[in-house]
Amino acid sequence: MKAREMLSRAGMQSSELNSPQADAVAHVDGPLLVFAGAGSGKTRVITYRIANLVATHRVPPYRILAVTFTNKAASEMRSRLESLLGPDISRDLWVGTFHATCAKLLRLYGASIGVGKNFLVYDAQDQKTLVTRVVRELGLDEREYPPRTLLGAIQKQKQDGRGPDEMNIDSYSDRTVRSVYAAYEAALRAANAVDFEDLILLTVRLVESNSEEAESIRRRFDFVLVDEFQDTNATQYRLLRALTRDHRNLCVVGDDDQSIYRWRGADVRNIRGYKLDFPDAVVIKLEQNYRSTAHIVSAALAIIAKSYGREAKQLWTANDAGAPIELVAARDERDEAGYVIGRIREAVAAGVDRRQIALFYRVHAQSRVFEEALRASNLPYRIVGGMKFYERAEIKDALAYLRLVANPKSDVDFVRVVNTPARGIGDTTIERLSQFARANDESLLSAASHVHELGELGAAAKKKLAAFCALIEQLASSAAEMTPTALFDEMIEKSGYANALSADRTVENETRLENLKELRGSFLDFEAEMKALGETPTLEAYLERVSLQTNGDTPDSASSVTLMTVHGAKGLEFDVVFLTGMEEDMFPYRNAQHNSDEEMEEERRLAYVAVTRARKKLVVTHAASRQVFGTTRTNRPSRFVRDIPTHCIQTASTRLASIVAESEPHWSRPAFRKPLAGAAPPQEGRYVDREYFSDDTASDFAPAFRKGARVMHERFGIGEVRRSDPGENATVTAFFQGWGEKKILAKFLRPL
DNA sequence: ATTCCTGCCTTTTTT
DNA sequence: AGGCAGGAAT
């Protein structure tokens, strides 16, 4: 294909890009830093730049590496590149997550640093299991050193690029961490496994070494691009620098205002300090927002403006002001849920696609109330996060069998399935086998294969273990001559797993069988895909994909409302967003351990992320009281809410609805007289027609400003009503902390 | 070996 | 409040 043709196919007319976007796309050699504000067309810039490198500058596609954090982002980028450049070229580009890219490099070159070709990737659960085992073997008290905490400490070391011997030891507990870390590493290597951190860290060591392999990897890519750069941790950044050491063609794209993963090791300083490492870097800021209404952009900007140390940016939009942001005060979480669900039904009735509606909360625990309300009103919804497909026990069990077949050294998998389904191999047996295995320096499966040498084990136990070994061996020999799907079928049958589930026909087991069927479907998909690429589908390749695809890859084909945490919402956008639980101590989230300045900063950025997800309509809710971990808590509205300029906001309250509900028999209430078609009967008067929330202050003056009610004033903050005088120029006398009693025109007050 | 109970802890979790 | 892990009971 000719370059010009490719360019036009890439849609690269300047009219499609604004000026900073075009500058970023046109940049070729040397370091480039792009600050991409929310909704500023970041993905477009990255993909166009890649297209430009290939089409105009004739860079071979296989010499370009684009790194993302999520599989989803990677596949989106890939498909956009495919439509720009066509399948032949895009196939050769390296587009993938940090982890997938590193796994690929390790499989190609890892031998030189002692990483076998068929290593497994252990997920969070496996890691914890392994740490627990190590803790026990070291004879440590699990109560004093919870495996969870230790694993966290180990991960932190790894994310900072330190091995056990490179740790800073400041206390006795550091010493403990170090010894657990060392033993954990040894256990991983013995199992021929790596964890997520290893994927990065081992690749860094590989690329930084002086080996021939390091040289080849560094020569492999002429251009490296990174998306969501603000989310990189120390090791990931080190990797990027090592990969581009010789040419410095490192293009990073991100937004320090959207850095919300500090607690996972992400370091905003990577983006904020990029200039220090690359003083000659070209810096481009994308500040025009194409996504949201002007009201939403102003609100977002007001929230983030108070952030400290941020790179100066001024997000703006040419879009219309749009509908005001609604701020709704609810009594408690149930009131809040009822109100939100009512509003969602309204929106759906008005023709909004359910897929364009999202409900955010700070923590998962808040989802339950919403879920119940959604179910009660028959609204289809999906929850992102929570228990993911690949985390379900039956899926992990099935995969553990196959992983054990692929990698007989994987003790974690052995322990998982040796007695699943129950085969009468109990803890005592496994404990003795472990000791035996340790004494002989071999894996559990291998120890079990010559278990007859183990004196202190009962004959019955030996027989059972031998039978299990035979099962795995049989499956292993099948693996050599079968397709992965056929092997899966055989495993499910021969292991007795399917039988155990169908024997006891409970609803849960039905679901589990369904899930296994779905897993089988993923084997079929995998085989079809590999066939299309002309490759042989191997079990190992399948397992690799699955271990890096922990994402719940929810098919959003179903038309559902989406519920998720704000973290889960990053990178997404919706027409209508409900941002719930906007109270102090909920959002910003705070408890005894979590209240540092840094954390507060991150909460602020999180609020910014939340607000910028909305395209057309944002409804913010907060509850006066809520049940948290069994106790009732009363909270003021979030500081972030108070940061939103009042001219963007329209306040409402669910209170009028409840007053109507209490004072009138339900059949006489307007909302009940004409229920929405197909809707479940409303409960407790929460589903009230919108007219009831009209912004006409007179109609809800009395309840909103009755004595004792809380109100907010732009200057004086939150106050308590002492006295109110309705009428044309209604006034309210209220007490404000730090200001005393003030008499104020009601229109300057917001009921809370 | 399995089951049941009690006591614990509770953010966010791209891979 | 609820889910889970560890320990006791069967």
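Note on naming: letters A, B, ... go to the chains in the order of the sequence lines (proteins, then strands), and numbering restarts at 1 for each one. Note that the structure is predicted; figures quoted are calculated from it, not measured.
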**OP:** Report the distance from atom CD of Q366(A) to atom C1' of dT10(B), rounded to the nearest whole Å.
**Re:** 13 Å
Original post:
What is the nucleic acid contact for A422(A), judged by heavy atoms within less than 4.0 Å: base, sugar-phosphate only, or nothing?
Top reply: sugar-phosphate
**OP:** From the options dA1(B), dA1(C), dT15(B), select the nucleotide whose nearest atom is closest to the side chain of F629(A).
**Re:** dA1(C)
Subject >> Most 5' of E228(A) and R148(A) on DNA chain B, judged by nearest nucleotide >> reply: R148(A)
**OP:** Provide, to the nearest angstrom, the distance between the CG atom belonging to L543(A) and the P atom belonging to dT15(B).
**Re:** 18 Å
Subject >> Residues R633(A), E583(A): salt bridge by 4.0 Å N-O rule >> reply: no
Subject >> For F69(A), all residues meeting ring-ring contact (aromatic ring centres under 6.0 Å, His included), sequence neighbours excluded >> reply: F98(A)
Original post:
What is the distance, rounded to the nearest whole Å, between atom OH of Y361(A) and atom P of dT10(B)?
Top reply: 20 Å
Original post:
When you check the phosphate oxygens OP1 and OP2 of dA1(C), does a side-chain N or O of T631(A) lie under 4.0 Å from one of them?
Top reply: no
Original post:
More 5' along DNA chain B: I425(A) or E603(A), using each one's nearest nucleotide?
Top reply: I425(A)
Original post:
Is the distance between the ring centroids of H567(A) and Y261(A) under 6.0 Å?
Top reply: yes
Subject >> Distance in angstrom units between R368(A) CZ and dT10(B) P, rounded >> reply: 19 Å
Subject >> Partners passing ring-ring contact (aromatic ring centres under 6.0 Å, His included) against Y361(A) (at least two apart in sequence or in another chain) >> reply: none
Subject >> Centroid-centroid distance, F229(A) to Y237(A), less than 6.0 Å >> reply: yes
Subject >> Spacing between Q230(A) atom CD and dT12(B) atom C1', to the nearest angstrom >> reply: 15 Å
Original post:
Do R264(A) and dT12(B) share a donor-acceptor pair, side chain to base, under 3.5 Å?
Top reply: no
Subject >> Listed nucleotide nearest any side-chain atom of N419(A), set dT12(B), dT2(B), dT15(B) >> reply: dT2(B)
Original post:
Tell me: NZ of K128(A) to P of dC4(C), nearest whole Å?
Top reply: 11 Å
Original post:
Can W263(A) be classed as stacking with the base of dT12(B), given a centroid separation cut-off of 5.5 Å and a plane angle cut-off of 30°?
Top reply: yes
**OP:** Report the nucleotide, chosen from dT12(B), dT15(B), dA1(B), that has the shortest atom-to-atom distance to any side-chain atom of H364(A).
**Re:** dT12(B)
**OP:** Grab the CE-C1' distance between M564(A) and dT12(B) for me, whole Å please.
**Re:** 14 Å
**OP:** Looking at every strand, decide which applies to Y261(A) at a 4.0 Å heavy-atom threshold: base, sugar-phosphate, or nothing.
**Re:** base
Subject >> Interatomic distance where CG belongs to L606(A) and P belongs to dT12(B) [whole Å] >> reply: 11 Å
